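All remarks here apply to the structure that follows.
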Amino acid sequence: MDFQINKKIYFLIFFVFLSFFLRLYNINFEDLWFDEQASFLVADPKLTHVETVLLSKNLDYGTSIFFNLTLKKFFQLFGYDPDIGRILTLSIGVLSIPALSYLTYQVKQNNGYILVAFLSSISWYLISYSQELRTYSFLFLLSILSIIFFFKLIEKNNKIINLNLFLFLFVLISS
């Protein structure tokens, strides 16, 4: 039994690494598109937080302000470069794979989560959007986390008290 569990975990880890390498391959193949330039400009670390929020509302309308602030903080820590910004979205895209696998296991407790990990790691759509300096993979991850906490909330034998707060927080951040 333990060997079967370890084998499944090894498959899951392999698919996470596969998704990382597929997303990293040709990450800088294209220059920034116009919408990516807007995200890059809004997240300039030289801007104040108020300027970032105002630019986000006016220039980068429809993008999560929390994503722009997170990107701004990431640029402050690692440098203000478009290639560095794409590393953030790549990382978020890779984190989506185990989160989606966990959600799948939570819905139906069988081996389907391994198939979901494989399909989501090779999905061209998820790969291409993880390579862009946009909010798509960020919102995908937040949506998965919101659904996970929603399912945890409706479980009958729930021992975590503040799940309402987590669910509300993830839904609020994603808007």
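As the structure is a computational prediction, the values presented were derived from the model and not from experiment.
Remark: Tyr125 pairs with Tyr129 by the ring-ring contact (aromatic ring centres under 6.0 Å, His included) rule, at least two apart or across chains.
Leu88 and Leu47 fall into different hydrophobic clusters, where Ile, Leu, Val, Met, Phe, Trp and Tyr residues are linked whenever their side-chain heavy atoms come under 4.5 Å apart, directly or through other members. Taking hydrophobic clusters as Ile, Leu, Val, Met, Phe, Trp and Tyr residues chained together by side-chain heavy-atom distances below 4.5 Å, Leu142 shares a cluster with Ile147. Under the 4.5 Å side-chain heavy-atom criterion for Ile, Leu, Val, Met, Phe, Trp and Tyr, Tyr113 and Leu18 are members of the same hydrophobic cluster. Residue Val50 is not grouped with residue Val53 when hydrophobic side chains (ILVMFWY) are merged at heavy-atom distances under 4.5 angstrom, including chains of intermediate members. Transitive grouping of hydrophobic side chains (ILVMFWY, heavy atoms separated by less than 4.5 Å) keeps Leu59 and Phe75 in distinct clusters.
In this structure the side chain of Leu126 never reaches within 4.5 angstrom of the side chain of Tyr136, judged on heavy atoms. Within the 4.5 Å cutoff, no side-chain heavy atoms of Leu22 are placed close to those of Ser121. The side-chain heavy atoms of Asp44 and Tyr80, taken from C-beta on, include a pair separated by under 4.5 Å. For the pair Leu133 and Leu71, the minimum side-chain heavy-atom distance is below 4.5 Å. For the pair Lys57 and Ile65, the minimum side-chain heavy-atom distance is below 4.5 Å. With contacts defined as side-chain heavy-atom distances shorter than 4.5 Å, the pair Ser39/Asn68 qualifies. The shortest distance between side-chain heavy atoms of Ile114 and Leu12 does not fall below 4.5 Å.
Taking each heavy atom of Val107 and Phe151 in turn, the nearest pair found is CG2-CE1, 3.6 Å. Contact between Pro45 and Gln76 at its shortest, heavy atoms only, is CB-CG, 3.5 Å.
Relative orientation of the Phe118 and Phe15 rings is tilted, given thresholds of 30° and 60° on the angle between their planes.
Taking CD1 from Ile87 and CD1 from Ile92, the interatomic distance works out to 11.5 Å, rounded to the nearest 0.5 Å. With values rounded to the nearest 0.5 angstrom, Ile148 atom CD1 is found 8.0 Å from Leu100 atom CG. To the nearest 0.5 angstrom, Phe21 atom CZ is 13.5 Å from Ile127 atom CD1. One finds the CG atom of Leu139 at 6.0 Å from the OG atom of Ser143 (value rounded to the nearest 0.5 Å). With values rounded to the nearest 0.5 angstrom, Ile84 atom CD1 is found 11.0 Å from Leu77 atom CG. Distance check, rounded to the nearest 0.5 Å: CZ of Arg86 to CG of Leu24 gives 12.0 Å.
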Step by step, would you call Arg134 with Thr89 a side chain to side chain donor-acceptor pair (under 3.5 Å)?
CA-CA 7 Å; Arg134 293 300 290 158; Thr89 56; over 6 Å; no
Checking Phe20 against Ile97 for the side chain to side chain contact (heavy atoms under 4.5 Å, CB included) test, could you report, in this order, the C-alpha distance in whole Å, the side-chain angles of both residues, the deciding distance, and whether it holds?
CA-CA 10 Å; Phe20 174 76; Ile97 307 302; over 6 Å; no
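Applying the side-chain hydrogen bond (donor to acceptor under 3.5 Å, both in side chains) definition to pairs two or more places apart or across chains, those involving residues 15-25 are Arg23-Ser130. Residue pairs that meet the side-chain hydrogen bond (donor to acceptor under 3.5 Å, both in side chains) test with at least one member in residues 94-110, sequence neighbours left out, are Tyr102-Lys152.
No side-chain donor-acceptor contact under 3.5 Å links Thr135 to the backbone of Phe138.
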